[in-house]
Every structure is written in structure tokens, then in C-alpha cells.
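Single-structure report; data block below.
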Amino acid sequence: MKRIIPSFALVASFCAAWLLLASTCEQKQESGEPVETATTGKATILCDESIAERLKPAAAYFDSSYAEAKVEVVPVSAREGMSQLFATKARGLIISRPYLADEDSVLKANKLPPHATTIIATDALVFYVQRDFPLDTISLDQLKQLFTDKKATLQGMFPQLKAEPTFVCPDANSSEYGNILLMLTKNAAPQAKMTLVKNADTARKVVAANPNAIGVGYLWHNAGDKQFKMLKIGFQDTTGAYIRPKTVHQAYLVMGKYPLAVSIRGVILEDRRNLPWGFMTFLRNDVRAKQYFLKSGIVPEGAKFDLVPTDEED
């Protein structure tokens, strides 16, 4: 199993590198090298490996639009990406989660501001199963209980289950696991019966082979995929009103009727209009990128929708 990368261990190197960053940038410009702009130069951008393959077509639009710019997108785990960003070894990161508790604590303990961040699109954390799995719906409260109470079981909640299912999730360095901590457990170790695997593709293979498995993944991987079904989730909204379980779909994300929305974030090391900034801004604003995200089943940032719900009976 991969080791869990502790961001808090990088505090010393992170602070030292952060303080030297401005002077380093000035030295590069004084050396006679061409000054980088938002659309010229070279940059390496790290990307959450759980979404990296899906992001490639949108990233390719940038390269084809700007001949003097070369951006290499490198897949890494979410935890590794954050660790490299904190250590100033990465200039930019695309990631499907915000800071975890210990990462946030590093900033606060050293009185440093959060990294400059833009929202590129909205995805969702989903729970997917084989199509003949006995359950179609679950509540957010039940999920929270399963992941925080060691005595809670799905069989206890749903007697029709013949055996206790296992949740299958990419490993503890993944953004999926991180979002479980952020959304379901308040950063406590998950108590549900879980199998941690190498990555999202491995998780899907395990669920495909095991009729009693529940995969933890993203809408981006499952939208339009007939191999699995995604569990509908009922919940109470911020007003206290109960939202009945809806089909997991981008329309209901826009309407606030799915409780586990996930922001895909572009995070940059230097808060200035350089190439990483230009690349992240492009992904957020380019019409072709927006259309690609929309057709892929997620919600591009800033898009306008004319939505007509089709399954209010669910």
C-alpha cells in the first residue's frame, strides 16, 4: 500500500521556500531569459490523478490555442500534489478537494494566506454499484453514520441485504478519500468497512467483479456509464427541508439537490499573471473547455443553464 504523505512534515521547507520565491522570480527575469506571460513559456502543472485522464482533452485546447506556450500536465495523487505545492516544488495543481485539516493548519500556524485558487468545474462524490445491487437510494445521514460509527452497518439499515457490503475507494492519498474525510467524517478516520486500492480505475474493476461492493468515485467517471448505477442520496438542505433522493446528474448539482458536490480547483503557487495562471484561467473560461465539461457530465464554472427536471417522481 502507498504511504500516506503527511503535509505537516513539510512545514519548515515550505516556509523557507515560500519566503525565497519572490527573489527567485526576480533573478530569473534579470538573467536575460524571456519573460513568461499568461500565454507564452513552459510550465508543469500537477493534476489529481483521479481526474487527470479526463482533463486531458480540455488541456489540449490550451496548447492548440497558444503556439508559444507548452504546459505539461503530470498526474499525481492529491496528497502528493498538495505536498509539492506546499514545498514550492510545483507551480500549479488541479485538484478535486480543498485543503485537508492538517494542510489548513500549516497555513494558519505560519500565518500564511491560502494559495490563489479558481474553480474550474463542479463534479460530485458518488457511490456506485453494479446495476442489480439491492439498493438504489441512501440518505446522507446514513452515510455519515456508516463512516463515523463502528457499530453501524448497512445490513442493519437495510435488512434486504444478504451480506455487509464493502466500500471500495482509491487509497488514502487520493482526493476521493480526502473528500470522505471532509464531507462525512469531520477528518476522523473512516469507520466503515473499506477496501483501499491503487486508483480510481482499480476501484471500478473491483466493483465490476464484486456484486457486494460499493465504489467511491466521481460523477465524471460514471456519467453515462451503463456498467454501474449511482446511489441516489436524500438529505436535509441548509434550510432544514428534506430533499428526496434524485438521480445523480449535473442538473441536480446545479439545483443544489445533490449533497456531495466537489469543486475541481486550479491552485497556483505564485499569485500573478504567469503561465500557470493563464492555463487555469483558460480552463475556467474557454467555451470549448466548458462544452467539454458539460458533455462529460459535470458542471463548468460560470455556465448558464436552462434546466427542466425529468425525474421528480424519484
Side-chain angles (χ1 to χ4, degrees), residues 50 96 122-149 151-170 176-177 179-180 182-185 190-197 200-238 240-262 296-299 307-314:
S50 292
S96 296
T122 299
D123 201 339
L125 188 72
V126 302
F127 295 85
Y128 61 94
V129 294
Q130 291 188 13
R131 300 199 68 82
D132 58 355
F133 189 77
L135 298 182
D136 293 307
T137 65
I138 195 168
S139 75
L140 183 61
D141 284 344
Q142 287 171 325
L143 282 170
K144 288 181 177 180
Q145 185 180 1
L146 286 164
F147 279 94
T148 58
D149 183 353
K151 296 181 180 178
T153 65
L154 270 167
Q155 276 187 294
M157 298 172 182
F158 302 99
Q160 67 268 38
L161 295 174
K162 296 180 180 179
E164 183 64 17
T166 298
F167 290 92
V168 181
C169 181
E176 292 95 332
Y177 187 91
N179 278 316
I180 288 175
L182 291 163
M183 295 178 169
L184 300 178
T185 74
Q191 298 299 308
K193 185 179 178 182
M194 294 183 70
T195 297
L196 299 181
V197 297
D201 287 341
T202 304
R204 289 171 64 81
K205 291 176 182 177
V206 171
V207 176
N210 184 351
N212 203 40
I214 301 175
V216 182
Y218 290 130
L219 176 59
W220 208 352
H221 289 103
N222 291 280
D225 188 342
K226 303 300 182 183
Q227 182 179 14
F228 303 113
K229 65 180 179 182
M230 293 175 279
L231 297 181
K232 305 171 188 177
I233 302 175
F235 67 105
Q236 281 189 322
D237 67 13
T238 55
Y242 182 71
I243 306 299
R244 291 180 293 122
K246 307 290 183 187
T247 299
V248 187
H249 188 274
Q250 62 198 147
Y252 288 118
L253 276 179
V254 174
M255 298 170 70
K257 294 187 176 182
Y258 184 79
L260 301 177
V262 170
S296 299
I298 61 174
V299 182
L307 301 172
V308 181
T310 59
D311 63 341
E312 281 295 334
E313 72 278 7
D314 289 350

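You'll find the side chain of N222 reaches within 4.5 Å of the side chain of R204, heavy atoms only. Within the 4.5 Å cutoff, the side chain of S50 has no heavy atoms near those of the W220 side chain.
To the nearest 0.5 Å, atom CE of residue M157 and atom OG of residue S139 are 7.5 Å apart. Note that CG of D123 and NE2 of H221 are 8.5 Å apart. Values are rounded to the nearest 0.5 Å. Rounded to the nearest 0.5 Å, atoms CG (L143) and CE (M183) are 12.0 Å apart. The structure places CG of N210 at 16.0 Å from NZ of K205, a figure rounded to the nearest 0.5 Å. Here the straight-line distance linking atom CG of N179 with atom CG of L184 works out to 9.0 Å at 0.5 Å rounding. To the nearest 0.5 Å, atom CG of residue L154 and atom CD1 of residue I214 are 5.0 Å apart.
Using the six-membered ring where Trp is involved, F147 and F127 have ring planes that are tilted, between 30° and 60° apart.
Across all their heavy atoms, M194 and I180 have their closest contact at CE-CD1, 4.0 Å. The minimum heavy-atom distance linking P190 with T185 is given by the pair CA-CG2, 4.3 Å. Annotation for S296 and A223: closest pair O-CB, 3.7 Å, computed over non-hydrogen atoms. Of all heavy-atom pairs between G256 and F235, the closest is O-CZ, 3.4 Å. Summarising the geometry of P170 relative to L196, their closest heavy-atom pair is O-CD2, 3.8 Å, with the distance given to 0.1 Å. Pairing each heavy atom of L231 with each of L135, the nearest pair is CD2-O, 3.5 Å.
Within the 3.5 Å criterion, the main-chain N or O of A208 finds a donor-acceptor partner in the side chain of Q130. Not one N or O on the side chain of N212 forms a donor-acceptor pair closer than 3.5 Å with the backbone of T166. Although no hydrogens or angles enter the test, the distance criterion places no donor-acceptor pair under 3.5 Å between the side chain of E176 and the main chain of G217. A donor-acceptor pair is defined here as one N or O able to donate and one able to accept, closer than 3.5 Å; such a pair exists between the side chain of Q250 and the backbone of I298.
Partners of F133 by ring-ring contact (aromatic ring centres under 6.0 Å, His included), not counting sequence neighbours: none found. Checked against ring-ring contact (aromatic ring centres under 6.0 Å, His included), Y128 has the following partners two or more places apart in sequence or in another chain: F228.
Applying side chain to side chain contact (heavy atoms under 4.5 Å, CB included) to M230 and the options T247, D225, L219 leaves one that passes, L219. In summary, of the residues considered (R131, K229, K232), a salt bridge (Lys or Arg N to Asp or Glu O under 4.0 Å) with D136 occurs for K229 alone.
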| Between L140 and L260, does a side chain to side chain contact (heavy atoms under 4.5 Å, CB included) hold up when you go through it step by step? | CA-CA 9 Å; L140 183 61; L260 301 177; 3.8 Å; yes

